Amino acid sequence: MDWASDFDVLDPQYIADPFSVWDELRQSCPVAHSSRRGSSWLPTRYEDVTALAHDIEHFSSLEVAVIPFEGEAPQEPLLAYGLPPISADPPLHTWTRRLLLPWFSHKKVAGYEPLTRELCRSLAAGLKEAERADAAADYAQQIPVRVIAHILGVPPELSDTFTGWVRDVLEFADDQQRRRAGMQALIQYFLTELDRRRANPGEDLLSSLLQTEVEGEAIDDSLVLGTAALVLIAGVDTTWSAIGSSLWHLATHEDDRRRLLSDKEVWPLAIEELLRAYSPVTMARVVQRDVEFAGCPMRAGDRILMNFPAANRDPEVFEDSDQVVLDRARNRHVAFGSGIHRCAGSNLARMELRVALEEWLAAIPEFSLAEGAEVTWAGGQVRGPRSLPVVLR
Amino acid sequence: MRIRLDPDRCQGHARCFGLSPELFDVDDYGYSSLNFEGEVPTELEEKARLAIANCPEYAIEEVE
């Protein structure tokens, strides 16, 4: 495959090891192009990715899906504004983001920590007596969806259903029919939930949005619906992928596992380093009008795949960029993006990752990749292990 | 040592608060500010450097 002019982000080898492709592209063609799934560009340098993220005038967030929808987006006309604020530009972005941010502030996230810890502890306790476990499917995948369900005030018993929809929309996005069905089911569910909240408001995010007035008027229903869908879609696959990749790292790097077990001080830096090295999320932008960027003739309507994971591996910015250095002190990573679209849930994701690793290591300090095990990775919009067989010893 | 935080650059990554909570506050929207005036206490200079070196938006800098 010619990665410079015909890349495919869903290529199985790329999903398993994108790092060597990025290293090569940074040398030969730092902003690659492909005409698969529409004309799109793939930057691989930190400097380019962050510059693109900050130029909101040329690069819009109206389309953020890495795999474009074929035909009309399935949410029309119910989600007239998409999934704000992630799929919005200012001024809509500005005020819808301000409604969401307080739900994910440091203070608020500290309040979600006890239930997250309880959940992780009970999951780990259920696994630790066995000889083997799937650290991705039986642990990582089970955590964020339940925390998000709590924030949205929806029943945790539906977690597997929610996870299924989110995977349909993100992981299996190339199957247009499956993705469409997942999105429709998710929207339909939240439509019913909104009606329920209107009749019986609770303390949750959805009830609060329904009661919020902006300039004396209630918020448009499609905005509440879009925000609800966003919180679920953005808060599940992403964090579970970060937890899964981190456990993969610890299962394959004994020294780092031992260091986390013995050195409490290193944790704050170590969490950031794991986020840098295994950043799960790529978002798209759409070119607003013809522009030349880094020598590339970008046309209105082209997509830019905001390769935050590759930016975080750029040797120009990170010394020994391909090594995980748990106590890395200079680490301006952009795992949560850069500029005005910085992940609104970053405090939550960081807390979940830390608590998930703390509780796993407390229950299962000794573990390694099962011999001959087949680790499967998902990729595209979100990269992380979907199956991670480990031996507990 | 003196440092400055540019509120126009800050996007609320909260990396400074996460690594050096002794020197920073965060508001309900995630944005950071310095929680002291004047010189960085000598024993916290290392913490200030850590915050500078981890800000993805280059919003914190040392000033003369």
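Naming convention: chains lettered A, B, ... in sequence-line order (proteins, then strands); numbering from 1 in each chain. Basis for what follows: all heavy atoms, side chains included, without hydrogens, waters or symmetry-related copies. Note that the structure is predicted; figures quoted are calculated from it, not measured.
- Between A/Val31 and A/Leu42 there is no side-chain heavy-atom pair separated by less than 4.5 Å.
- One distance of note links CG of A/Leu305 with CG of A/Leu52; it measures 10.5 Å at 0.5 Å rounding.
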Just by distance, which donor-acceptor pairs between chain B and chain A come in under 3.5 Å?
residue: B/Gln11; atom: O; partner: A/Arg342; partner atom: NE; Å: 2.9
residue: B/Gln11; atom: O; partner: A/Arg342; partner atom: NH2; Å: 3.3
residue: B/Gly12; atom: O; partner: A/Arg342; partner atom: NE; Å: 3.0
residue: B/Gly12; atom: O; partner: A/Arg342; partner atom: NH1; Å: 3.4
residue: B/Gly12; atom: O; partner: A/Arg342; partner atom: NH2; Å: 3.0
residue: B/His13; atom: O; partner: A/Arg350; partner atom: NH1; Å: 3.4
residue: B/Arg15; atom: NE; partner: A/Glu272; partner atom: OE1; Å: 3.2
residue: B/Arg15; atom: NH1; partner: A/Asn331; partner atom: O; Å: 3.3
residue: B/Arg15; atom: NH1; partner: A/His333; partner atom: NE2; Å: 3.3
residue: B/Arg15; atom: NH2; partner: A/Asn331; partner atom: O; Å: 2.7
residue: B/Asp28; atom: OD1; partner: A/Lys107; partner atom: NZ; Å: 3.2
residue: B/Ile52; atom: O; partner: A/Arg332; partner atom: NH1; Å: 3.0
residue: B/Ile52; atom: O; partner: A/Arg332; partner atom: NH2; Å: 3.2
residue: B/Ala53; atom: O; partner: A/Asn331; partner atom: N; Å: 3.1
residue: B/Asn54; atom: OD1; partner: A/Asn331; partner atom: N; Å: 3.4
residue: B/Asn54; atom: ND2; partner: A/Ala329; partner atom: O; Å: 2.8
residue: B/Cys55; atom: O; partner: A/Arg332; partner atom: NH1; Å: 2.9
residue: B/Glu57; atom: OE1; partner: A/His54; partner atom: NE2; Å: 2.9
residue: B/Glu57; atom: OE2; partner: A/Gly339; partner atom: N; Å: 2.7

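- The candidate from B/Pro56, B/Cys10, B/Gly30 with the greatest count of non-hydrogen atom pairs under 4.5 Å with chain A is B/Pro56.
- From A/Ile151, atom CD1 reaches atom CG of A/Leu232 across 11.0 Å, with rounding to the nearest 0.5 Å.
- Atom CG of A/Leu205 is separated from atom CG of A/Leu152 by 6.0 Å, given to the nearest 0.5 angstrom.
- With a 4.5 angstrom heavy-atom cutoff, A/Leu269 touches chain B via backbone and side-chain atoms both.
- Taking chain B as the reference chain and counting heavy-atom pairs below 4.5 Å, the highest number among A/Ala344, A/Cys343, A/Gly339 is found for A/Gly339.
- A side-chain donor-acceptor contact under 3.5 Å links B/Glu39 to the backbone of B/Met1.
- Between A/Phe318 and A/Val325, every side-chain heavy-atom pair lies at or beyond the 4.5 Å cut-off.
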Step by step, work out the side-chain contact (heavy atoms from CB on, under 4.5 Å) result for A/Leu275 and A/Phe336. CA-CA 9 Å; A/Leu275 284 166; A/Phe336 294 112; 3.8 Å; yes
